[in-house]
There are 2 protein chains.
Amino acid sequence: MAEQPLRLTRQRQAVADVLATLDDFRSAQEIHELLAGQGQAVGLATVYRTLQLLADHDEVDVLRGRDGEASYRRCSATHHHHLVCRSCGATVEVEGPAVEQWTRTVADQHGYADVSHTLEIFGDCPRCR
Amino acid sequence: MAEQPLRLTRQRQAVADVLATLDDFRSAQEIHELLAGQGQAVGLATVYRTLQLLADHDEVDVLRGRDGEASYRRCSATHHHHLVCRSCGATVEVEGPAVEQWTRTVADQHGYADVSHTLEIFGDCPRCR
DNA sequence: CTTTGTGCAAAGCCTTTGCAATTTT
DNA sequence: AAAATTGCAAAGGCTTTGCACAAAG
C-alpha cells in the first residue's frame with residue numbers, strides 16, 4: 001500500500017496559512033469563520049477534513065475542551081503549556097522542563113511507551129481580580 | 001444563596017453503586033447499559049444528570065476521549081493525575097507533588113490566583129505493545 | 001482523462017433541556 | 001402539600017459522511 005498523494009489545494013493552503021498566524025488553540029468552527037472573514041471561504045466540512053489530516057500527520061496539536069469541542073493549533077517547535085484565565089481567557093505560555101521530565105519518568109516506571117501529555121493551568125488573572 | 005438539598009433517590013444510589021464497583025473510566029452510556037443490564041434501569045438523561053452532579057461535587061473524575069465522549073470514574077480522596085493507554089484506555093493513577101507545586105509557583109509569578117490544573121499523560125501500555 | 005478534493009446538506013453521536021408525571025421529604 | 005427528580009422525546013452542538021460537481025496532476 002503506497003502513500004496516496006496529497007494535493008495542495010487552495011483550501012488546504014488557506015487552513016495552513018491561518019494556523020500559521022495563530023499562537024493558540026482554535027476550534028474548527030472558529031477557523032472556518034476566520035477564513036470566511038478574510039475572503040478565503042472554505043467549506044466547514046473541508047476545514048474539519050483538513051484539520052484531521054494535519055492531525056494525522058502530527059502537524060497540529062488537538063485539545064479537547066470540557067464541552068467536548070476540539071481545538072487545534074499548529075505544533076510549535078518548543079513544547080509548552082498554557083496558563084489560562086478562567087474568566088477572560090487571557091493566556092500565558094509557560095514551559096516546564098521538570099514536568100516534561102517527570103511525565104516521562106512516571107510513564108517509564110509503568111512501562112508506558114511513546115509518551116505525550118497535556119497540561120493546562122487555570123486561574124484568575126490580575127486584570128480580572 | 002443556600003445549598004439546595006440533594007435527595008437520595010434510587011437512581012442516584014444506583015449510579016453511585018455502579019461507580020463504586022468500577023476501577024476504570026466508563027462513558028455515561030456504558031453506565032446506563034450496565035444499570036439496565038442489572039435490572040436497575042435508569043433513564044439515560046438521569047445518568048447524565050447524576051454524573052454531572054457527581055462531577056460538580058468532585059466525586060468523579062471526568063476524562064474527554066479523542067472522540068469527544070466523556071468518561072467517568074469515581075475518584076480517590078487524594079488529588080492525582082492519570083496515565084492513560086492511548087490504545088486500550090488502561091489507566092494508572094499517579095501523583096506528582098512537584099507538579100502541583102510547580103503550577104502554583106508559575107501561576108503566582110504571573111499573578112494568577114485560585115489555581116487549578118489538568119494533566120493527563122498518554123502512552124502505549126505494556127499490554128498493547 | 002483519471003483521481004482526489006470540495007461543498008452542501010443530511011445524518012450521526014453525545015449531551016442537554018422542556019415539561020408533565022412521579023417520588024422524596 | 002411542596003419541592004426536587006425522573007423519563008421521554010425533542011432539540012442542540014459538534015463532527016462525519018454520501019454524493020455530484022470541480023479541480024489537480
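In this structure, the side chains of A/Arg49 and A/Gln52 stay at 4.5 Å or more apart for every pair of heavy atoms. In this structure the side chain of A/Glu59 never reaches within 4.5 angstrom of the side chain of A/Leu19, judged on heavy atoms.
Mapping B/Tyr48 and A/Thr50 onto DNA chain C by nearest heavy atom places A/Thr50 at the nucleotide closer to the 5' end. Judged by closest nucleotide on DNA chain C, B/Ala28 is the one of B/Thr9 and B/Ala28 placed further toward the 5' end.
The phosphate of C/dT23 has neither OP1 nor OP2 within less than 4.0 Å of any side-chain N or O from B/Gln11. Taking 4.0 angstrom as the limit, A/Arg12 places a side-chain polar atom (N or O) nearer than this to OP1 or OP2 of C/dT6.
When each of C/dT3, D/dC8, D/dT6 is scored by its nearest atom to the side-chain atoms of A/Arg7, the top-ranked nucleotide is C/dT3. When distances run from any side-chain atom of A/Thr46 to the nucleotides D/dT17, C/dG7, D/dT6, the shortest one goes to C/dG7. Closest contact between the side chain of B/Leu44 and the listed nucleotides C/dT17, C/dT15, C/dA9 involves C/dT15. Set against C/dT6, D/dT16, C/dT15, the side chain of A/Gln52 has D/dT16 as its closest nucleotide.
Here the closest heavy-atom approach between residue A/Ala70 and residue A/Val62 is recorded as CB-CG1, 4.2 Å.
Atom CG of B/Leu63 is separated from atom C1' of C/dC14 by 16 Å (rounded to the nearest Å). If you take CG of A/Leu54 and C1' of D/dT15, they are 16 Å apart, rounded to a whole angstrom. Per the geometry, CG belonging to A/Leu6 stands 17 Å off P belonging to C/dT3, to the nearest Å. Note: CD (B/Glu69) to C1' (C/dG12) measures 13 Å, nearest angstrom. Atom P of nucleotide C/dC14 and atom CG of B/Leu51 are separated by 15 Å, given to the nearest angstrom. For B/Gln29 and C/dT16, the CD to C1' distance is 13 Å, given to the nearest whole Å. The separation between B/Arg26 atom CZ and C/dT15 atom C1' is 20 Å, rounded to whole Å. Distance CG (B/Asp56) to P (C/dT16): 10 Å, rounded to an integer number of Å.
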#### Entry: Residue pair A/Tyr48, A/Gln29: steps toward the side-chain contact (heavy atoms from CB on, under 4.5 Å) verdict
CA-CA 8 Å; A/Tyr48 274 106; A/Gln29 318 226 18; 3.3 Å; yes
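For the pairing with B/His81, the side-chain hydrogen bond (donor to acceptor under 3.5 Å, both in side chains) check across B/Glu100, B/Glu120, B/Glu93 returns one residue only, B/Glu100.
A/Arg10 contributes no side-chain N or O that forms a donor-acceptor pair with the base of D/dA23 under 3.5 Å.
Contact annotation for B/Arg49: base contact, defined as any heavy-atom pair under 4.0 Å involving a base atom.
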